[in-house]
There are 2 protein chains.
Amino acid sequence: MKDVIENKLKLRSVKPTAMRLLVLQCLMEQNRALSLNELEALFENADKSTIFRTLKTFQENYLVHRINDGSGAIKYALCDDDCICSLEDNHIHFLCTKCEKTYCLKDTPITTPSLPNGFRANFANYLIEGICSTCT
Amino acid sequence: MKDVIENKLKLRSVKPTAMRLLVLQCLMEQNRALSLNELEALFENADKSTIFRTLKTFQENYLVHRINDGSGAIKYALCDDDCICSLEDNHIHFLCTKCEKTYCLKDTPITTPSLPNGFRANFANYLIEGICSTCT
DNA sequence: TAAACTTTGCAATGGCATTGCACTCCTTAA
DNA sequence: TTAAGGAGTGCAATGCCATTGCAAAGTTTA
């Protein structure tokens, strides 16, 4: 397990510090998008700004992507290994309004519609709110 | 023009105060989604909290909908007259990353994909970022 | 081993949404 | 016509979250 995490970092040329390993492991285990506060709560003794900067480093190296789910707090979720956060990598996110958890629906790619004349798309953020399978 | 605005309010049983007429007119004229700060700047002498509460009233009566375009500030845009802000009323929004303006693409309804088993959709927020026709 | 760089923790700061409270305005009923 | 009640408004907080400056701690390199 530890190897897998370290490999993920190596793949993106990010030095494996203790904090980074922890955050990455956490994101892998939870299998959903987490906010800064949620992450902070899971660690107890780690500083929020350190986690913030860890996540920033991760973003810059395509390890995680940010999700704006309208909850007020930005959520962070793991990217696939071959992700470069392009329009093609964007996928739908799902916010359960009951448990407040946000999931990546990686198997549900975003279909970009034809836009009005002169409009060009670079990035898409598609969020669906509803009830997840656990809360049904 | 004034009649049109007053009618819109009457249609939703919202009392036409000066502030409400102004805000509604503004949203109609701009033909795009505006943030609280943008609205405040357009009026100069009106208080932000009044505008906020005006918009809240509008939301509650399906006159405007909120848009989370990831800019940090919530934007507000006019609803159609027959809107009840249901999943079917949701449409795509477009944020131009150059001029920072957000548009409703009312003619581009959101197609909700088939979700994983057990997931049920109640609301969708689909934002596309890119360059608008004016900035191309 | 010392210098240079990176990472971390703490303590701000700033932006935006939201609310409490008092004042004003408008409506209503005696 | 006037007093009372309710709605709307303005001002001044408050709170939450993202972000950053700075110094200490840790790591790498010559």
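Each chain gets a letter, A, B and so on, in the order its sequence line appears, and its residues count up from 1. Remember, predicted model here, so these are calculated numbers, not experimental data.
One finds the CD1 atom of A:Ile84 at 10.5 Å from the SG atom of A:Cys79 (value rounded to the nearest 0.5 Å). Atom CG in A:Asn68 sits 10.0 Å away from atom NZ in A:Lys75 (nearest 0.5 Å).
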Review point. Should B:Lys48 and B:Thr50 be marked as a side chain to side chain contact (heavy atoms under 4.5 Å, CB included) after you check the CA-CA gap, both sets of side-chain angles, and the distance that decides it?
Key: CA-CA 5 Å; B:Lys48 191 188 295 227; B:Thr50 304; over 6 Å; no
Exercise for review: For side chain to side chain contact (heavy atoms under 4.5 Å, CB included), just list the numbers for A:Glu129 and B:Asn125, CA-CA rounded to whole Å, side-chain angles, deciding distance to a tenth of an Å, and then say yes or no.
Suggested key: CA-CA 8 Å; A:Glu129 285 181 27; B:Asn125 184 14; 5.9 Å; no
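Salt bridge absent: A:Glu38 and A:Lys101 never bring a charged side-chain N and a carboxylate O closer than 4.0 Å.
By the salt bridge (charged side-chain N to carboxylate O under 4.0 Å, His left out) test, B:Asp47 is found to be paired with no residue, residues two or more places apart in sequence or in another chain being considered.
Grouping Ile, Leu, Val, Met, Phe, Trp and Tyr residues whose side-chain heavy atoms lie under 4.5 Å apart, directly or via other members, places A:Ile128 in a hydrophobic cluster with A:Ile92, A:Phe94, A:Tyr103, A:Leu105, A:Ile110, A:Leu115, A:Phe119, A:Tyr126, B:Ile92, B:Phe94, B:Tyr103, B:Leu105, B:Ile110, B:Leu115, B:Phe119, B:Tyr126, B:Ile128. Clustering of Ile, Leu, Val, Met, Phe, Trp and Tyr by side-chain heavy atoms under 4.5 Å joins A:Leu87 with none of the others.
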Review point. Where along nucleotides 11-25 of chain D does protein come under 4.0 Å, by heavy atom, of base (B) or sugar-phosphate alone (S), with - for untouched nucleotides?
Key: B-----SSSBBB---
Check your understanding: Reading nucleotides 22-27 of chain C from the 5' end, what letters show protein touch, with B for base, S for backbone sugar-phosphate only, - for no heavy atom under 4.0 Å?
Key -> ------
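Environment of CG in A:Asp82: crowded, with over 12 heavy atoms of neighbouring residues, nucleotides or ligands closer than 6.0 Å. No more than 12 heavy-atom neighbours from other residues, nucleotides or ligands sit within 6.0 angstrom of CG on B:Asp107.
When the C1' atom of C:dA17 is taken as reference, atom CD1 of B:Ile51 falls 14 Å away, rounded to whole Å. Separating the CZ atom of B:Phe58 from the C1' atom of D:dG8 is a distance of 13 Å, rounded to the nearest angstrom. At whole-Å resolution of the value, CD in B:Glu38 and P in C:dG15 are 16 Å apart. Regarding B:Glu40, its CD atom lies at a distance of 15 Å from the P atom of D:dT9, rounded to whole Å. Atom CD of B:Glu60 and atom C1' of C:dT18 are 13 Å apart (whole Å). Separating the CG atom of B:Leu34 from the C1' atom of C:dC16 is a distance of 16 Å, rounded to the nearest angstrom.
Considering all non-hydrogen atoms of both residues, B:Gly130 and A:Asn122 come closest at CA-ND2, 3.7 Å.
Residues of residues 16-29 of chain B that place a heavy atom closer than 4.0 Å to DNA chain D, in numerical order, are B:Thr17, B:Met19, B:Arg20.
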